[in-house]
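To start, the structure under review is shown below, and the notes come after it.
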Amino acid sequence: MSAALDLASHATQCVFRSMQFEDIDRVAEIESEIHSHPWSRGNFSDSLRAGYGCWVYLSGNEMIGYAIVMSVLDEAHLLNIGIARDHQGRGLGRALLKHITDFAASHGAAMMFLEVRSSNKNAIALYESTGFNEFSVRKGYYPASNGREDAILMGLTL
Ligand SMILES: CC(C)(COP(=O)(O)OP(=O)(O)OC[C@H]1O[C@@H](n2cnc3c(N)ncnc32)[C@H](O)[C@@H]1OP(=O)(O)O)[C@@H](O)C(=O)NCCC(=O)NCCS
């Protein structure tokens with residue numbers, strides 16, 4: 001099987017479902033592995049209680065990713081997305097993002113917005129190749145190891 005087919009079939013075998021409170025331990029574990037300033041368990045449980053769109057992505061029984069989306073009128077805000085480190089770079093982040101944008105569009109969202117660290121070149125490349133455009137820069141928005149870091153605000157018409 002070619003590499004491209006292998007990557008595509010991996011994503012099609014994955015399951016996208018709503019996050020449950022029982023998922024939070026594993027979600028928070030992945031989060032702490034992939035972010036310099038991770039969300040806490042409380043941030044994820046608050047998101048579930050607030051009724052945000054909270055999703056997990058599974059390969060068999062293994063959780064490999066998650067995403068959190070807050071909806072305001074016809075705007076969807078992607079607050080968090082992550083793929084477990086060992087599974088990155090195999091097309092799964094792109095597939096998970098497509099599930100999220102498709103779900104938001106089919107539930108009435110006209111736009112999706114997100115903020116991303118200016119240093120996060122991999123994520124920015126994913127968003128740009130999905131069709132997100134840069135709207136503005138929030139100076140010093142994020143804490144960083146050497147002070148503060150800018151956020152790029154991006155938006156996608158759904
Ligand atoms: C950003 C993230 C979700 C992407 O998921 P992924 O499964 O690694 O990405 P994919 O394999 O689907 O690749 C999608 C695109 O991302 C970009 N990308 C991903 N890994 C990359 C790398 N190592 N180098 C350069 N570009 C990369 C490419 O544009 C790629 O498209 P291509 O394969 O057609 O070139 C994942 O890397 C992650 O969880 N990172 C840590 C958490 C994070 O930064 N979240 C986003 C916060 S805004």
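Position 1 is the first residue of the sequence, and the numbers go up from there. Counting starts at 1 for both ligands and their atoms, following the listed order.
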Give the residue, atom name and distance (to 0.1 Å) of the protein heavy atom nearest atom 46 (C) of ligand 1. Tyr127 OH, 3.5 Å

Around atom 23 (N) of ligand 1, find the nearest protein heavy atom and jot down its residue, atom name and distance. Asn122 ND2, 3.4 Å

Verify the cluster assignment for Ile152 and Phe113: are they in a single hydrophobic cluster under the rule of side-chain heavy atoms below 4.5 Å apart? no

For ligand 1, which atoms sit closer than 4.0 Å to a heavy atom of Arg94? 12 (O), 14 (C), 15 (C), 30 (C), 31 (O), 32 (P), 34 (O)

Under 4.0 Å from atom 26 (N) of ligand 1, can you find at least one protein heavy atom? yes

Does ligand 1 come near enough to Ile83 that some N or O of the ligand is less than 3.5 Å from an N or O of the residue? yes

Is the closest N or O pair between Arg90 and ligand 1 shorter than 3.5 Å? yes

Lys/Arg-Asp/Glu bridge criterion (N-O < 4.0 Å) met for Arg41, Asp46: no

Interatomic distance, CZ@Arg90 vs OG@Ser59, rounded to 0.5 Å, equals 7.5 Å

For ligand 1, which atoms, with element, lie under 4.0 Å from some heavy atom of Gly82? 39 (O)

As a test of the contact definition, would atom 17 (C) of ligand 1 count as having a protein heavy-atom neighbour under 4.0 Å? yes

Does the residue Glu115 have a heavy-atom contact with ligand 1, meaning some pair of atoms that are separated by less than 4.0 Å? yes

Has ligand 1 got any nitrogen or oxygen that is less than 3.5 angstrom from a nitrogen or oxygen of Gly93? yes

Please report which non-hydrogen protein atom sits nearest to atom 2 (C) of ligand 1, along with the residue it belongs to and the distance in Å to one decimal place. Leu126 CD2, 4.6 Å

Under 3.5 Å between some N or O of ligand 1 and some N or O of Val116? no

